[in-house]
Number of protein chains: 2
Amino acid sequence: MTTTNTAEISPRDRILEAAEELFARRGFAAVGISEIAESVGMSKSSLFHHFRTKAQLYAATVDRVLAEVDLELTRTLARGGSAADRLDRWIEVLIDLMARTPAHARLLLRSLFEEDEISNVLPEQQEADEKLQRIIQHANNVLRDGMAQGELRVANIPHTIQTLIGIIVYHFASGEFGDELIGRSIFHSDEVKRRKREIKAFLHHGLVIERGL
Amino acid sequence: MTTTNTAEISPRDRILEAAEELFARRGFAAVGISEIAESVGMSKSSLFHHFRTKAQLYAATVDRVLAEVDLELTRTLARGGSAADRLDRWIEVLIDLMARTPAHARLLLRSLFEEDEISNVLPEQQEADEKLQRIIQHANNVLRDGMAQGELRVANIPHTIQTLIGIIVYHFASGEFGDELIGRSIFHSDEVKRRKREIKAFLHHGLVIERGL
DNA sequence: ACATTATTCGACCGATCGGTCGGTCGATGA
DNA sequence: TCATCGACCGACCGATCGGTCGAATAATGT
């Protein structure tokens, strides 16, 4: 507690956090720079000192989220285990991460389905793309191994990845609609646990009961 | 073929079609009124002759999509059959509709996960909400019946609905990302058929193979 | 002590935003 | 023939957009 406290969060990170919250909720176009600056507690011009353009700020925000997702997935998959175990952990880690940081889920979904929100020649955008590729590659490897080992039913891998994204990411990005449908916050800890159980039951048993067995 | 040809599409519908295409691709905030007007081939002021505000135009666009979804689902479910059959048709109709009109999928996903894009007191918005409720209610009924009849595994119904939305709507809304992941257009007819097969296999068998059976 | 660097800011810019207004035009009906 | 009406448009409005610039201030290294 001397004169200046440099142990605090850097202004750059404070901007990134505020930007993530706003971009996640309303998207790139609907959020103004001045609004982000106000939320951080600085002037618009100060914000432009840390990020050259709005597009660069957005790309950096997305990159930051994807970096965290990639890091956690890489870490958990490095522990090895059977393909079924690794798939379990891939799902578990992704759910925990999005349940912990709701804005991540929405920004992740946006980065998947929004088209060219930004110019796509920014270095931050390219780095984010590479991280997304790695995240998908993780799923790809686990599914390939599991099917080769006979632990997983043989299915089309890209479609299976889309299914996993839809089941996990969409759910935690569904906001008010999800809350209304479920009946309480989709981020309530009991509801997150229930989501895990439901997903695992789906993966293990499907939904339709086979007749004539 | 007399003097005037009134059998053409009304200007209102031409606007709605152009607006859907643009709103679906880039969202409410990123699309300007003048851009829509230009796409229709009329001036901005003419557009405001047919719709009072941008928000009203957006609400009407969403309402139009939900009306079509609701209509087709109501129609196919009215044909009756076992719960498993009706679930099959619910899925099939939804997939066919979105494969036929890609913009529908993206606008539907936006209407689910985008928060208060518009003021929410517009009558068009409330009508759209009611249609969405009916669509969900259809799924609710089918799932409840199926579980009661022992045709479907007993699961949490709201979570199961989220899963179905994620599997179907997200996939067809995933745009460029989906195309890249799958390797060709997700709307290619072969790929749509494959999606149906994959979803049905998932519903019937899950993904993980149970050991020790 | 000084120079350097990082951080912040107010004032300002051209462009575009959603929306309004007054009025033109052609078709319709009496 | 004349009044009405829906469709359409150009000109314009205040507000906000993303972004620039020059200067003031605070922190740091020497």
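Order of the sequence lines sets the chain letters (A, B, ...), proteins ahead of strands, with each chain counted from 1. Just so it is clear, the model here is predicted, and its values are computed rather than measured.
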Ignoring backbone atoms, establish whether H49(B) has a side-chain N or O less than 4.0 Å from OP1 or OP2 of dA7(D). yes
Given dC8(D), dG18(D), dC17(D), which nucleotide is nearest the side-chain atoms of K54(A)? dG18(D)
Look at the side chain of K44(A) and the base of dG19(D), then say whether one donor and one acceptor between them are separated by less than 3.5 Å. yes
Distance check needed: dT8(C) P versus M42(A) CE, whole Å only. 4 Å
Interatomic distance, R106(B) atom CZ to M98(B) atom CE [nearest 0.5 angstrom]: 12.0 Å
Calculate the interatomic distance between E38(B) atom CD and dT16(C) atom P; express it in whole Å. 12 Å
Need one value for V40(A): base, sugar-phosphate or nothing, where a base atom within 4.0 Å counts as base even if backbone is also close, heavy atoms only. nothing
What is the distance, to the nearest angstrom, from the CG atom on L57(A) to the P atom on dG19(D)? 10 Å
As an exercise, state the distance from CD of E176(A) to CD of E115(B), rounded to the nearest 0.5 Å. 4.0 Å
Strictly below 4.0 Å, N to O, side chains only: are D179(A) and R184(A) in salt-bridge contact? no
Considering only side-chain heavy atoms of S46(A), which listed nucleotide, dA7(D), dT8(C), dG19(C), is closest? dT8(C)
Of the nucleotides dG19(D), dG18(C), dG10(C), which one has an atom closest to the side chain of S43(A)? dG10(C)
Residues E17(A), R64(A): salt bridge by 4.0 Å N-O rule: yes
May I ask you to verify whether the side chain of S45(B) and the base of dG10(D) hold a donor-acceptor pair under 3.5 Å? yes
Using a cut-off of less than 4.0 Å, is there contact between a side-chain N or O of S34(B) and OP1 or OP2 of dC17(C)? yes
Can you check the F48(A) CZ to dC17(D) P distance for me, whole Å? 11 Å
Please determine whether a side-chain nitrogen or oxygen atom of H50(A) lies at a distance below 4.0 Å from atom OP1 or OP2 of dA6(C). no
Separation of atom CZ in R14(B) from atom C1' in dG6(D), rounded to whole Å: 14 Å
